[in-house]
Protein chains: 2
Amino acid sequence: MKEGPDITLLGSLIGDPARANMLTALMSGKALTASELAAEAGITLQTTSAHLGKLEGGGLIRQRKQGRHRYFTLADDDVGGLLETMMGLAAKKGHTRTRTGPRAPALRKARVCYNHLAGELGVQMYDSLLARGFLQEQADEDLLILSDQGRDFVADLGIDISPLNQSRRPLCKSCLDWSARRSHLAGSLGTALLEHFYHKGWAKRVEGQRIVEFSRPGEVSFQKLFPLIEC
Amino acid sequence: MKEGPDITLLGSLIGDPARANMLTALMSGKALTASELAAEAGITLQTTSAHLGKLEGGGLIRQRKQGRHRYFTLADDDVGGLLETMMGLAAKKGHTRTRTGPRAPALRKARVCYNHLAGELGVQMYDSLLARGFLQEQADEDLLILSDQGRDFVADLGIDISPLNQSRRPLCKSCLDWSARRSHLAGSLGTALLEHFYHKGWAKRVEGQRIVEFSRPGEVSFQKLFPLIEC
DNA sequence: TTCATGCTTCGACAATAGACGAAGTGTGTT
DNA sequence: AACACACTTCGTCTATTGTCGAAGCATGAA
């Protein structure tokens, strides 16, 4: 009768408070167990299980069994992107949560977006890579091209992109930021860079939050590596 | 307690079947009355009124009173963009409507996306404008720059962009396509161009559908105006 | 084997909210 | 003024579904 894709299922899945809490928790990129998600959403384990079943049925999350644990993650980058988009519109329309806590500034500065760096520092990194010609935007897609110089740049950091290139997941993608309404770097390279910052000890995750906290010397190094360049 | 914007309201608004029907109907870009939307969703007028109130409260739609009629439209381009994004993910995850009718190919070829042209022809137009340097993408936003040559190009078509420039609405924006997963042109210039095609008699809307039907000579003219150019 | 842990399934309850009939408001037409 | 039309508001009913307690499966440890 009617043509085209059906939005209803996606909407109703995201529309439930408990499920929305779980999804935003998973935006941290960490794989979480059912129990952790239950605590996050403030509901019992049985209810959580039902929700997880529905989310998986709708293709929003995936589960990996590992021993007697089951780890849940967002299904793919597209889901993360949709959630980020919705957060952007929600913020714009003034649908904010009960009270914007004192952590809001830290969250705007640097946070995890599913599995890569977002916030002001994320945007800065993106701009810097672009301005120096390491990354190039394409005309018609949100896929990005890593130039030869860019390849050298990440190689100097000690990041080997050859295994990343073989995976089906795109290497470089742009992702829109809800706070800044500007793009930052997603894709497997985005993930690798964030891992690099952790590994170098420049930054660490705040427990249970999406906030990424840079140490003082860590941020200095970051600023040196990704300087802001005027056009 | 919790930080950041709240997705729940948006999700639940979109998650109801009746409201989803109305919203997709409004994706046609036409301003519709409550009665028309009621017919579209297959519910009574009272129920429709309640839904419209909620949609307006959530910032998804706007109404303009005009005599004893009230015309409803999507609130802004962002809402259209979100719906298009969700359609993309829904299509990818296989959440299709009951039966994809025979009109699906026509819909993929050319359709209205809120108020501008989408589908294969929309993507072609976008690519052609970009390849000839009439449009330029920016590094960090989905806003586009209309070059001087581009300005001349649209002026030759008889489109006066000076009033468009004064409005708060952006002149050129890129919008992602659910069928092609590539960008097409949104913004007030996108709207003006679609109007131009209607006015020239190249294309017309299929009644009650999002399909844009090009006449044979109309498509020829379109192809001549927006040729595909190899990089 | 026995026990503990992590999660799922079943069944029942309760709250939400979507649906419509009936009546009310406001605007334009005659 | 009287009427028609477009829509809103009110009240009520119904169905959905989110919720939890209790029991049932797995997996790993003792």
Side-chain angles (χ1 to χ4, degrees), chain A residues 2 6-26 30-75 95 98 208, chain B residues 2 6-26 30-75 95:
Chain A
K2 287 285 175 180
D6 187 15
I7 287 183
T8 346
L9 182 57
L10 282 180
S12 60
L13 284 176
I14 299 173
D16 176 76
R19 285 192 292 258
N21 280 334
M22 299 187 204
L23 289 171
T24 46
L26 289 174
K30 266 172 69 174
L32 298 174
T33 65
S35 319
E36 291 171 318
L37 288 168
E40 191 71 33
I43 50 178
T44 62
L45 198 54
Q46 311 91 288
T47 313
T48 306
S49 182
H51 285 309
L52 290 173
K54 293 183 183 178
L55 286 173
E56 193 176 14
L60 291 184
I61 63 172
R62 305 180 71 83
Q63 62 169 300
R64 288 180 302 171
K65 297 190 186 182
Q66 209 164 99
R68 61 178 154 184
H69 291 271
R70 297 194 179 185
Y71 288 102
F72 293 88
T73 60
L74 295 186
H95 304 153
T98 44
Chain B
K2 286 286 176 179
D6 187 15
I7 287 185
T8 339
L9 182 58
L10 282 180
S12 61
L13 283 177
I14 299 175
D16 177 76
R19 285 193 293 258
N21 281 333
M22 298 186 202
L23 290 172
T24 47
L26 288 175
K30 268 172 69 175
L32 298 174
T33 65
S35 319
E36 291 171 319
L37 288 168
E40 191 72 31
I43 51 178
T44 62
L45 198 54
Q46 312 91 288
T47 314
T48 306
S49 183
H51 284 309
L52 290 173
K54 294 182 183 179
L55 286 174
E56 193 175 12
L60 292 184
I61 63 172
R62 306 180 71 83
Q63 62 169 301
R64 289 180 302 172
K65 297 189 185 182
Q66 210 165 96
R68 62 178 154 184
H69 290 271
R70 297 194 179 186
Y71 289 102
F72 294 88
T73 59
L74 295 186
H95 305 153

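Everything numeric in this text was worked out from a predicted model, so none of it was measured. Residue numbering restarts at 1 for every chain, and letters A, B, ... go by the order of the sequence lines.
Nearest approach of T48(A) to A34(A), heavy atoms of both residues: CG2-O, 3.7 Å. Scanning all heavy atoms of the two residues, the minimum distance from F72(B) to T33(B) falls at CD1-C, 4.3 Å. The two atoms that bring A25(B) and E40(B) nearest to each other are CB-CG, 3.4 Å, heavy atoms only. Across all non-hydrogen atoms, the minimal contact from T73(A) to A31(A) is CG2-CB, 3.5 Å. The two residues A18(B) and A41(B) come nearest to each other via the heavy atoms O-CB, 3.8 Å.
Using a 4.0 Å cut-off on heavy atoms, the residues of residues 43-52 of chain B that approach DNA chain D are L45(B), Q46(B), S49(B), listed by number.
Inter-axis angle, ends of the helix from dT1(C)-dA30(D) to dT30(C)-dA1(D), five pairs per end, rounded to 10 degrees: 20°.
Look at OH on Y71(A): it is 13 Å from C1' on dT5(C), rounded to the nearest Å. For the pair L55(A) CG and dT8(C) C1', the interatomic distance rounds to 16 Å; values are reported in whole Å. Put simply, CD on Q63(A) is 10 Å from C1' on dC7(C), counting in whole angstrom units. Atom CZ of R64(B) and atom C1' of dC7(D) are 17 Å apart (whole Å). Between D16(B) atom CG and dT16(C) atom C1' there is a gap of 13 Å when expressed in whole angstrom units. Here the C1' atom of nucleotide dA19(C) and the CG atom of L37(B) are 17 Å apart, to the nearest Å. Here dA19(C) presents its C1' atom at 15 Å from CG of N21(B), a figure rounded to the nearest Å. Regarding I14(A), its CD1 atom lies at a distance of 18 Å from the C1' atom of dT17(D), rounded to whole Å.
For K54(A) and dT17(D), the shortest distance from a side-chain N or O to OP1 or OP2 is not below 4.0 Å.
Distance from the side chain of R70(B) is smallest for dC7(D) among the nucleotides dC7(D), dG18(C), dT8(C).
Side chain of T47(A) to main chain of I43(A): no donor-acceptor pair is present (N/O by atom type, distance under 3.5 Å, no hydrogens or angles). A distance-only check finds no donor-acceptor pair linking the side chain of H95(A) to the backbone of I7(B) [under 3.5 Å]. Using modelled atom types, no side-chain atom of E56(B) and backbone atom of G53(B) make a donor-acceptor pair closer than 3.5 Å.
For the pair R19(A) and L55(A), the minimum side-chain heavy-atom distance is below 4.5 Å. The shortest distance between side-chain heavy atoms of T8(B) and I14(A) does not fall below 4.5 Å.
With hydrogens and angles left out, the side-chain atoms of Q46(B) and S49(B) include no donor and acceptor closer than 3.5 Å.
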Polar atom pairs between nucleotides 12-16 of chain D and protein, under 3.5 Å, N or O only, would you list them?
none

